[in-house]
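All values below were derived from every heavy atom in this structure, side-chain atoms included, with hydrogens, water molecules and symmetry-related copies excluded. Keep in mind it's a predicted model, so treat the numbers as computed, not measured. Along the sequence shown, residues are numbered consecutively beginning with 1.
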Amino acid sequence: KSFIKEAVDYINPTDYVISPSFYDTQGKFVYQLNSSNKIIANVLYSYDDTYLEKWRADTDLYSNYGNGYYGIVWNSVFNPQFMSELIISKGDNFWDNRVGTKRSQKLNLTEYVCNWNFQYIPHPTHELEFGITLKNIQYDYKLRVPDVTIHLRDLTEIIASYYGNLDINQ
């Protein structure tokens, strides 16, 4: 948990109210089945949420982002010269950006991956590695912007309230 919201509230020089928050979670579990086999489980999850409002609901900004990665690894040593590693994982990513109630942009992306890698060392100076990877990627993207010129005007107004009028040609 972050205390950035409180810091931003203290130093915010505008009439906008900004409310950022974010957190991360990580975990790892290792289990040694026997002297030749080991199982590892990994987890990573994060989420960011930012809300910027003035007094008009049609120009409030929302920005959310999150991801999660989960994986299982099985390491096997058949003998000192031949080893394998099987990795099964899932990754989720999403973001959701909205301006008011009429403009939004959303993306959900999920990736499933299976890797099976082998390593053969016939001699200390020679090594052979080979493997196979299978992936399945699914995504959903939605864009809803009825009037781009109003969207750009609102964004320009917000930027100007923080930094003054900017000329990008300078």
Drop me the distance from [X]'s [atom1] to [Y]'s [atom2], to the nearest 0.5 angstrom.
{"X": "Leu107", "Y": "Trp95", "atom1": "CG", "atom2": "CH2", "value": "5.5 Å"}
{"X": "Asn75", "Y": "Ser84", "atom1": "CG", "atom2": "OG", "value": "7.5 Å"}
{"X": "Leu134", "Y": "Cys114", "atom1": "CG", "atom2": "SG", "value": "5.5 Å"}
{"X": "Thr110", "Y": "Gln138", "atom1": "OG1", "atom2": "CD", "value": "6.0 Å"}
{"X": "Asp24", "Y": "Leu44", "atom1": "CG", "atom2": "CG", "value": "7.0 Å"}
{"X": "Ile121", "Y": "Gln81", "atom1": "CD1", "atom2": "CD", "value": "8.0 Å"}

For a 4.5 angstrom cut-off between non-hydrogen side-chain atoms, does [X] reach [Y]?
{"X": "Phe94", "Y": "Tyr139", "value": "no"}
{"X": "Asn64", "Y": "Asp48", "value": "no"}
{"X": "Val77", "Y": "Lys38", "value": "no"}

- Trp116 atom CH2, over 12 foreign heavy atoms within 6.0 Å: no
- Task: Flag yes if more than 12 heavy atoms outside Phe130 fall under 6.0 Å of its CZ atom; otherwise flag no.
- Result: yes
Heavy-atom closest pair, residues [X] and [Y]:
{"X": "Gln32", "Y": "Asn37", "answer": "NE2-O, 3.4 Å"}
{"X": "Asp92", "Y": "Lys90", "answer": "OD2-CE, 3.3 Å"}
{"X": "Gly68", "Y": "Tyr45", "answer": "CA-CD1, 3.9 Å"}

Give the cluster check for [X] versus [Y]: same hydrophobic cluster or not, with ILVMFWY residues linked at side-chain heavy-atom distances below 4.5 Å.
{"X": "Ile88", "Y": "Ile40", "answer": "no"}
{"X": "Leu86", "Y": "Leu128", "answer": "yes"}
{"X": "Phe82", "Y": "Ile132", "answer": "yes"}
{"X": "Phe78", "Y": "Tyr120", "answer": "yes"}
{"X": "Trp74", "Y": "Ile72", "answer": "yes"}

- Can you find a side-chain donor-acceptor pair between Tyr69 and Asn93 that sits under 3.5 Å? yes
- Backbone N or O of Gln119 within a donor-acceptor pair of the Glu129 side chain at under 3.5 Å? no
- Verdict with supporting geometry, Glu85 and Asn115, side-chain contact (heavy atoms from CB on, under 4.5 Å): CA-CA 8 Å; Glu85 178 179 65; Asn115 294 323; over 6 Å; no
